[in-house]
Colleague: 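Please find one structure pasted underneath; my questions will follow.
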Amino acid sequence: MAVSPVPSFSHVGRGSVDAVDALLQRVLEPGAHHPFELKLVAACTGAAPSAARSELCFELGPGGAPDKVALSGTSGVELARGAAHYLRTRCNMSFAW
């Protein structure tokens, strides 16, 4: 069976940190500050998985303060995906967009 080619489009750099910040403010406790330090990047520093079909990615790491989580992503969608991944796997939160 032939594998279909990877689409030749890119969403890298699309979206905004402000939009993801507003999303997190709506989804999490209103008025509270979320734990993420959000940053749009051109590319992630780690190696992509062999099954990756695009250059879109997110990375999590320690933030600048003990109660912060650094979250970088190649697009606004990847930032939101990274936040959802962190909240699901580290905070045992379950919610739907």
Side-chain angles (χ1 to χ4, degrees):
M1 174 179 260
V3 177
S4 61
V6 175
S8 60
F9 62 87
S10 174
H11 294 287
V12 172
R14 293 188 183 173
S16 78
V17 169
D18 292 338
V20 178
D21 184 60
L23 168 74
L24 292 169
Q25 292 297 330
R26 289 189 306 271
V27 171
L28 300 175
E29 184 178 341
H33 294 287
H34 60 75
F36 300 103
E37 295 172 351
L38 304 170
K39 181 179 178 183
L40 276 176
V41 295
C44 291
T45 58
S50 60
R53 296 195 60 194
S54 76
E55 294 179 5
L56 298 174
C57 60
F58 67 87
E59 292 180 320
L60 294 161
D67 60 340
K68 292 291 185 179
V69 176
L71 172 55
S72 59
T74 53
S75 70
V77 171
E78 292 305 308
L79 287 174
R81 190 173 141 232
H85 173 80
Y86 179 86
L87 294 169
R88 184 178 57 254
T89 60
R90 303 290 178 148
C91 302
N92 201 27
M93 290 182 71
S94 176
F95 53 89
W97 301 112

Colleague: Could you tell me if the side chain of D21 sits less than 4.5 Å from the side chain of H34, heavy atoms only?
Modeller: yes
Colleague: Shared ILVMFWY cluster between L71 and V77, side chains joined below 4.5 angstrom?
Modeller: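 No; tracing contacts between hydrophobic side chains, which count when under 4.5 Å, never links both residues.
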Colleague: Would you say S72's side chain and L40's backbone share a donor-acceptor pair under 3.5 angstrom?
Modeller: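 A pair under 3.5 Å: no.
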Colleague: Identify the heavy atoms of P62 and A70 that sit nearest to each other, and give their distance.
Modeller: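 That closest heavy-atom pairing would be O-CB, 3.5 Å.
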Colleague: Would a single hydrophobic cluster contain both L28 and L79, if residues Ile, Leu, Val, Met, Phe, Trp and Tyr are joined by side-chain heavy-atom contacts under 4.5 Å?
Modeller: yes
Colleague: Classify the ring geometry between Y86 and F36 as parallel (under 30°), tilted (30 to 60°) or perpendicular (over 60°).
Modeller: perpendicular
Colleague: State the CG-CG distance between L87 and L24, to the nearest 0.5 angstrom.
Modeller: 7.0 Å
Colleague: At their closest point, which heavy atom of L23 faces which heavy atom of A80, and how far apart are they?
Modeller: CD2-CB, 3.8 Å
Colleague: Would you say E59's side chain and T45's backbone share a donor-acceptor pair under 3.5 angstrom?
Modeller: yes
Colleague: Nearest 0.5 Å, what's the CG-CZ distance between L56 and R81?
Modeller: 8.5 Å
Colleague: Can any side-chain N or O of E37 pair as donor or acceptor with the backbone N or O of K68 at less than 3.5 Å?
Modeller: no
Colleague: Does atom CG (N92) have a neighbourhood of more than 12 heavy atoms from anything else shown, all under 6.0 Å?
Modeller: no
